[in-house]
Amino acid sequence: MNHSSQDTSSRDIHEERKLYVVDSINDLTKLNFCLDGSQHLFPLEEKIPATGTNLGYRNRNMFLMGLLIVLIVSLALVTFTIFIIVQTGNEMDGVSRRLTAEEKDIDDLKILNSLIVKRLNQWDSEQN
């Protein structure tokens, strides 16, 4: 009886020295016995690409969101620029019309000035 209890306790100690590898965090009940020791305890090479692909999708989504925001801001800036160009064109048309009207007024004033000068010269010559 003594021998069987020692056998059981030695078997428990031997069972505690086994190394196990967990396949996934979601499935902790499935444990694989690791034969080669601790070198296969954490198979990082197999787990990193799966995590990297999720980060890749996340990075791609973040990139696309950033690109979408940049495109929307660019579209707003282009729209604002076109609006400013149209407004400037309208202002230039108004200024051009005013200059044309003022040019006609200046020409009329020049004609009036020349008539006044002629009349003054005639009046001055009649008095002499």
Side-chain angles (χ1 to χ4, degrees):
M1 186 136 176
N2 225 356
H3 181 42
S4 67
S5 76
Q6 284 179 351
D7 207 20
T8 308
S9 66
S10 68
R11 193 177 350 183
D12 289 339
I13 293 171
H14 182 63
E15 287 292 322
E16 289 177 11
R17 289 186 178 188
K18 290 182 181 178
L19 296 174
Y20 293 93
V21 176
V22 178
D23 284 339
S24 69
I25 294 174
N26 294 332
D27 197 10
L28 292 175
T29 59
K30 288 185 180 180
L31 298 176
N32 295 329
F33 180 65
C34 184
L35 296 174
D36 295 338
S38 64
Q39 61 187 356
H40 294 290
L41 185 60
F42 299 107
L44 294 176
E45 297 83 15
E46 296 174 5
K47 300 296 179 186
I48 290 175
T51 306
T53 55
N54 289 340
L55 289 176
Y57 288 129
R58 183 176 176 203
N59 287 339
R60 191 175 87 186
N61 287 340
M62 292 297 289
F63 173 75
L64 291 177
M65 288 299 293
L67 184 63
L68 182 65
I69 290 170
V70 167
L71 288 175
I72 290 171
V73 169
S74 298
L75 180 65
L77 288 174
V78 166
T79 304
F80 179 71
T81 303
I82 291 171
F83 175 75
I84 293 296
I85 288 171
V86 168
Q87 288 296 327
T88 305
N90 290 340
E91 290 294 322
M92 291 300 290
D93 288 342
V95 169
S96 177
R97 278 188 235 119
R98 281 184 282 170
L99 285 175
T100 303
E102 288 176 5
E103 183 180 352
K104 289 179 183 177
D105 290 341
I106 290 172
D107 288 339
D108 290 343
L109 287 174
K110 284 180 183 177
I111 291 171
L112 187 61
N113 186 26
S114 66
L115 288 175
I116 291 173
V117 168
K118 282 181 186 177
R119 182 66 182 156
L120 285 175
N121 284 337
Q122 284 177 359
W123 186 62
D124 191 36
S125 65
E126 287 178 3
Q127 283 190 358
N128 284 338

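Every value quoted in this text rests on a predicted model; they were computed, and no experiment measured them.
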### Query
Going by side-chain heavy atoms closer than 4.5 Å, which hydrophobic residues are tied to Met92, directly or by a chain of links?
none
### Message
How long is the straight-line distance from CD1 of Ile116 back to CG of Asn121, given to the nearest 0.5 Å?
### Response
12.0 Å
### Message
With rounding to the nearest 0.5 angstrom, report the NZ to CD distance, Lys118 to Gln122.
### Response
8.5 Å
### Query
What distance separates Lys110 NZ from Glu103 CD, expressed to the nearest 0.5 Å?
8.5 Å
### Connected hydrophobic set around Leu99, excluding itself, where side chains approach under 4.5 Å
Val95
Enumerate, atom names and distances included, each donor-acceptor pair closer than 3.5 Å involving a side-chain atom of residues 61-81, sequence neighbours excluded.
unit_1 : atom_1 : unit_2 : atom_2 : d
Asn61  : ND2    : Tyr57  : O      : 3.3
Ser74  : OG     : Val70  : O      : 2.9
Thr79  : OG1    : Leu75  : O      : 2.8
Thr81  : OG1    : Leu77  : O      : 2.7

### Task
Starting at CD1 of Ile106, measure out to CG of Asn113 and round the result to the nearest 0.5 Å.
12.5 Å
### Query
What's the spacing between Arg98 CZ and Asp93 CG if we round to 0.5 Å?
11.0 Å
